[in-house]
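Quick note: numbers below take in every heavy atom, side chains included, and nothing from hydrogens, waters or symmetry partners.
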Amino acid sequence: MEQSTNYLDAKTSTVEGANGVTYAYRRLGPQGGRPLVLLQHFRGNLDNWDPALVNALATARDVITFDNVGVGATTGTTPTTVAQMADDAIVFVEALGLDRIDLLGFSIGSFVAQEITLARASLVAKVVLASTAPQGAPGMHGWAPDIIGAIGEPTTGAEGVLHAFYTDSPASQAAGQQSLGRIFSRSAGQDEATTWQTRNAQYDAVLKWGTPNFGLLQRLAAIEQPVFVANGDDDRMILPWYSHLTASLIPDAFVKLYPDSAHGFLFQHADAFAADVHEFLDA
């Protein structure tokens, strides 16, 4: 069965999980292969994925984006721990009747992807971690004041996103503006905005995840799946060295950093990153 390959036109569907939550999601690309489930960033909803990236991924595979519990149009209350977010995501995947998937987690979504892989290893075939860090890593207890100031206020504007997600170079800033133009070009069927409750709950989860605890780093040794770790080479939100640390703790992992880019590298380098994801998942 063929689905839409244009994320801007993809309809929003709902499915009820065993936890009583009604999840909002979009699905596009050819069905029949192993689905790729995307896990969104801090305060992001369905509309905050760059269509250029999702469309490039959906050229060759079944791609699913969704709002986790309490986010956007999904019902319930956003939890304050990454572990609960992972459990809630597993309920969503089960509600779709899927028993084997690939994961692509971005930022806090990459934390959730790690937890899903640890909690339900049989569900996950391969993992892509974008702008990630392991639980308990030093220096991860919250973000720098300029970053949380840019994206953590009640109203986040384009200027804040450009500061937190892109470098100061003209090329990166221009790429960020182009990405925002694509993201906000959906003309109908927009998702509901994320709430202040979601913002606070997710940042609580980030702080708990980043509380230093070297013993927790060893948890990643239990991940046996192949893992692709990626980031921009100048990410000020989750520093690139955390990508190397994460990969060093996972038995089968490798790292790629994308040039002149920051937290939003996967939108700035959408075509190149999507090509790398395809190559990794197809290998």
Side-chain angles (χ1 to χ4, degrees), residues 34 36-42 53 57 82-83 85-86 89 101-144 147 165 167 205-206 208-283:
R34 195 169 61 231
L36 174 63
V37 177
L38 274 53
L39 299 157
Q40 184 60 295
H41 64 71
F42 177 66
L53 173 63
L57 293 171
V82 172
M85 293 174 189
I101 61 172
D102 295 318
L103 287 174
L104 191 164
F106 174 27
S107 192
I108 192 173
S110 74
F111 305 166
V112 177
Q114 293 176 42
E115 285 296 313
I116 292 171
T117 307
L118 289 168
R120 188 68 66 84
S122 63
L123 178 65
V124 181
K126 292 187 176 184
V127 186
V128 181
L129 301 176
S131 305
T132 197
Q135 186 178 10
M140 269 292 295
H141 190 246
W143 295 318
I147 297 296
F165 277 58
T167 75
V206 167
K208 293 172 183 177
W209 183 265
T211 300
N213 186 334
F214 287 2
L216 293 176
L217 299 179
Q218 296 306 311
R219 300 166 71 246
L220 293 185
I223 293 179
E224 298 180 349
Q225 291 85 345
V227 178
F228 171 25
V229 182
N231 201 353
D233 64 356
D234 191 20
D235 187 350
R236 293 164 293 189
M237 192 169 177
I238 301 179
L239 302 180
W241 80 270
Y242 290 113
S243 294
H244 293 285
L245 175 60
T246 301
S248 73
L249 297 167
I250 298 172
D252 185 6
F254 71 97
V255 178
K256 180 172 181 177
L257 300 182
Y258 293 76
D260 185 27
S261 58
H263 202 67
F265 78 92
L266 65 175
F267 299 160
Q268 178 174 337
H269 296 285
D271 289 339
F273 177 63
D276 291 338
V277 171
H278 284 305
E279 182 178 4
F280 167 66
L281 296 179
D282 291 339

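Considering CD of Glu224 and CG of Leu118, their distance stands at 10.5 Å, rounded to 0.5 Å. Distance check: Ile223 CD1 to Thr246 OG1 gives 9.5 Å after rounding to the nearest 0.5 Å. A distance of 11.5 Å separates NE2 in His244 from CG in Leu239, rounded to the nearest 0.5 Å. Atom CG of Asn213 sits about 12.0 Å away from atom NE2 of His141, to the nearest 0.5 Å. Distance CG/Leu104 to CG/Leu57: 6.5 Å, rounded to 0.5 Å. Separating the CD1 atom in Ile238 from the OG atom in Ser110 is a distance of 5.5 Å, to the nearest 0.5 Å.
Nearest heavy atoms, Pro240 versus Asn231: CA-ND2, 3.8 Å. The two atoms that bring Leu245 and Ala137 nearest to each other are CD2-CB, 4.1 Å, heavy atoms only. Looking at every heavy atom in both residues, Pro134 comes nearest to Leu220 through CB-CD1, 3.6 Å. Scanning both residues, Leu257 and Gly232, for their nearest heavy atoms gives CD2-O, 4.1 Å. The two residues Pro259 and Asp233 have their closest heavy-atom pair at CA-OD2, 3.4 Å. The heavy-atom pair separating Gln114 from Ala133 by the smallest distance is NE2-O, 3.2 Å.
Figure legend: cation-pi geometry between Lys256 and Phe228 absent, as NZ or CZ is not positioned both under 6.0 Å from the six-membered ring centre and within 45° of its axis.
A donor and an acceptor atom, one from each side chain of Asp234 and Thr167, are nowhere located under 3.5 Å apart.
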Going through the distances and angles, do Ile147 and Arg236 end up as a side-chain contact (heavy atoms from CB on, under 4.5 Å)?
CA-CA 8 Å; Ile147 297 296; Arg236 293 164 293 189; 4.3 Å; yes
Check against side-chain contact (heavy atoms from CB on, under 4.5 Å), Leu103 and Val128:
CA-CA 6 Å; Leu103 287 174; Val128 181; over 6 Å; no
In sequence, state the C-alpha distance, the side-chain angles, and the governing distance for Tyr258 and Asp235, and then conclude on side chain to side chain donor-acceptor pair (under 3.5 Å).
CA-CA 10 Å; Tyr258 293 76; Asp235 187 350; over 6 Å; no
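The aromatic rings of His41 and Phe165 sit perpendicular, their planes meeting at an angle over 60°, well past the 30° parallel limit.
A side chain to side chain contact (heavy atoms under 4.5 Å, CB included) with Ile101 is found for exactly one of Val127, Leu123, Ile116, namely Leu123. Just one of Phe265, Phe267, Phe42 meets the ring-ring contact (aromatic ring centres under 6.0 Å, His included) condition when paired with Phe106; it is Phe267.
No side-chain heavy atom of Phe280 sits under 4.5 Å from any side-chain heavy atom of Asp276. With a 4.5 Å cut-off on side-chain heavy atoms, Leu53 and Phe273 count as touching.
Panel note: side chain Ser131, backbone His263; a donor-acceptor pair is recorded below 3.5 Å. No donor-acceptor pair closer than 3.5 Å links the side chain of Gln135 to the backbone N or O of Leu217. Side chain of Gln268 to main chain of Asp260: a donor-acceptor pair is present (N/O by atom type, distance under 3.5 Å, no hydrogens or angles).
At a threshold of 4.0 Å, the pair Glu115-Arg120 does not count as salt-bridged, since none of the basic side-chain nitrogens sits closer than that to a carboxylate oxygen. Salt-bridge annotation for Asp102 and Lys126: absent, with no side-chain N of the basic residue lying under 4.0 Å from a carboxylate O of the acidic one.
Looking at residues two or more places apart in sequence or on another chain, you find a ring pair (Phe, Tyr, Trp, His ring centres under 6.0 Å) between Phe111 and Trp209.
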